[in-house]
Amino acid sequence: MENIREYGTLQIDDEKSGKHFFVISIIGEIEGHNSASDKIKTTKYEHLLPLLVAIEGDEEIDGVLFLVNTVGGDVSCGLALAEMIASLTKPTVSLIIGDSHSIGVPLSVAADHTIIAPSATVVIHPVRMSGTVLGAPQTYEYFQLIQERITNFIAKHSDIEKKDIEKMMVTPGILTRDLGTILVGKEAVKRGLYDEVGGIFEAIKKLREM
């Protein structure tokens with residue numbers, strides 16, 4: 001219970017398969033190099049990185065389930081987590097149950113098999129940066145570099161083409177003065193972003209098969 005309260009993690013013994021699965025929650029805002037407000041729910045990358053290393057080296061863990069409900073957050077740290085998830089040799093399944101926005105998209109597609117709930121939403125938009133931004137060509141090039149890293153990762157770990165991701169990023173959105181695309185459940189699967197629509201039953205079933 002302490003792990004659930006502190007880190008949103010849980011180890012379950014699946015009686016049907018006799019296997020041991022580890023459950024990790026990726027919720028709220030992805031907290032990076034700077035601490036977020038105490039009032040904001042966060043997933044701290046400095047907690048998850050060593051946890052993923054420990055899981056990789058633990059022979060008793062047979063698979064990992066990621067529960068995703070995130071509004072995005074730190075791009076660099078989110079990509080670092082996504083790369084770690086993608087490099088795990090354990091079978092991995094991600095279940096998007098609420099939101100998977102911004103940098104949450106690479107995080108959610110990093111698993112071997114991806115499932116999205118019927119009502120879950122995905123927001124794909126251009127890279128944004130808060131704080132002081134210098135109006136120089138180098139700044140634009142840096143934004144482009146970050147965006148390339150994101151689109152390349154998503155395209156590599158899903159069935160969607162890079163050019164289609166880039167197109168969705170700059171589509172005039174339904175939010176005021178915003179750009180991007182919102183996909184819900186079945187539409188995200190149709191576009192090739194995720195493997196299937198489902199819930200916890202399908203996620204556990206897939207882990208057993210894998």
Side-chain angles (χ1 to χ4, degrees), residues 1-33 35-36 40-117 120-122 150 153-154 156-158 188 193-196 198-210:
M1 294 300 292
E2 185 67 23
N3 280 345
I4 297 176
R5 183 164 52 248
E6 292 295 325
Y7 307 112
T9 63
L10 172 69
Q11 187 167 333
I12 58 174
D13 301 320
D14 184 41
E15 295 182 1
K16 190 170 183 178
S17 65
K19 301 295 183 180
H20 307 286
F21 302 138
F22 206 91
V23 181
I24 297 177
S25 297
I26 299 177
I27 61 171
E29 182 178 319
I30 307 301
E31 186 178 276
H33 302 299
S35 296
I40 298 174
K41 292 284 186 181
T42 62
T43 294
K44 300 178 185 295
Y45 93 112
E46 71 269 25
H47 289 169
L48 286 195
L49 288 179
L51 178 60
L52 293 172
V53 173
I55 288 172
E56 178 64 21
D58 192 337
E59 294 184 0
E60 293 186 1
I61 296 176
D62 300 299
V64 188
L65 171 62
F66 295 93
L67 301 177
V68 182
N69 187 6
T70 177
V71 294
D74 190 293
V75 172
S76 176
C77 297
L79 273 178
L81 281 174
E83 290 285 6
M84 284 287 285
I85 293 171
S87 65
L88 288 172
T89 60
K90 310 277 186 180
T92 55
V93 171
S94 64
L95 174 60
I96 299 87
I97 51 176
D99 300 321
S100 181
H101 297 178
S102 189
I103 198 60
V105 180
L107 278 165
S108 62
V109 302
D112 299 325
H113 189 80
T114 55
I115 302 171
I116 183 169
T121 60
V122 180
I150 293 171
F153 186 92
I154 295 172
K156 181 180 178 181
H157 295 279
S158 67
L193 203 55
Y194 302 111
D195 295 315
E196 64 173 308
I200 190 64
F201 173 80
E202 287 78 10
I204 297 296
K205 179 182 177 183
K206 189 63 181 181
L207 273 178
R208 288 169 181 158
E209 293 173 357
M210 296 167 69

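Just so we're clear, the structure is a prediction, and the values are computed from it rather than from any experiment.
- Here the side chains of Leu81 and Leu49 are in contact, with some heavy-atom distance below 4.5 Å.
- Looking at heavy atoms from C-beta onward, Met84 lies in side-chain contact with Val53 at the 4.5 angstrom threshold.
- Considering only heavy atoms from C-beta on, Ile26 comes within 4.5 Å of Phe66 through its side chain.
- Across Val71 and His101, no two heavy atoms sit closer than the pair O-CB, 3.7 Å.
- Distance alone, capped at 3.5 Å, is enough to place a donor-acceptor pair between the Asp195 side chain and the Thr114 backbone.
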Would Ile204 and Ile12 count as a side chain to side chain contact (heavy atoms under 4.5 Å, CB included) if you check the C-alpha gap in whole Å, the side-chain angles of each, and the deciding distance to 0.1 Å? CA-CA 11 Å; Ile204 297 296; Ile12 58 174; 4.1 Å; yes
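- Rounding to the nearest 0.5 Å places OG1 of Thr70 at 9.5 Å from CD1 of Ile103.
- How far CG of Leu95 is from OG of Ser100: 11.0 Å, rounded to the nearest 0.5 Å.
- Distance alone, capped at 3.5 Å, places no donor-acceptor pair between the Thr92 side chain and the Val64 backbone.
- With contacts defined as side-chain heavy-atom distances shorter than 4.5 Å, the pair Val109/Tyr194 qualifies.
- Judged purely by atom type and a 3.5 angstrom limit, Ser17 uses its side chain to pair as donor or acceptor with the backbone of Lys19.
- The minimum heavy-atom distance linking Leu107 with Ala82 is given by the pair CD2-N, 3.6 Å.
- In this structure, the side chains of Asp58 and Phe22 stay at 4.5 Å or more apart for every pair of heavy atoms.
- Using a 4.5 Å cut-off on side-chain heavy atoms (C-beta onward), Ile55 and Ile24 make contact.
- Residues Val105 and Ile150 have side chains not in contact (no heavy-atom distance under 4.5 Å, counting atoms from C-beta outward).
- Taking both residues in full, the closest heavy atoms of Ile97 and Ala117 are given as CA-CB, 4.1 Å, listed atom of the first, atom of the second, then distance.
- Taken from CG in Leu52 to NZ in Lys90, the straight-line distance is 12.0 Å, to the nearest 0.5 Å.
- Heavy atoms only, all atoms of each residue included: Ile115 and Gly199 are closest at CG2-N, 4.1 Å.
- In this structure, the side chain of Thr121 does not engage the main chain of Asp99 through any donor-acceptor pair within 3.5 Å.
- The line from NZ of Lys16 to CZ of Arg208 is 5.0 Å long, rounded to the nearest 0.5 Å.
- If you take CG on Leu51 and CD on Glu56, they are separated by 12.0 Å, rounding to the nearest 0.5 Å.
- Between Glu209 and Lys206 there is a salt bridge, since a side-chain N of the basic residue sits under 4.0 Å from a carboxylate O of the acidic one.
- In this structure, Leu193 and Ser158 approach most closely via the heavy-atom pair O-CB, 3.5 Å.
- Heavy-atom minimum distance, Ala188 versus Val122: CB-CG2, 4.4 Å.
- Checked by atom type and distance alone, the side chain of Asp62 pairs as donor or acceptor with a backbone atom of His20 at under 3.5 Å.
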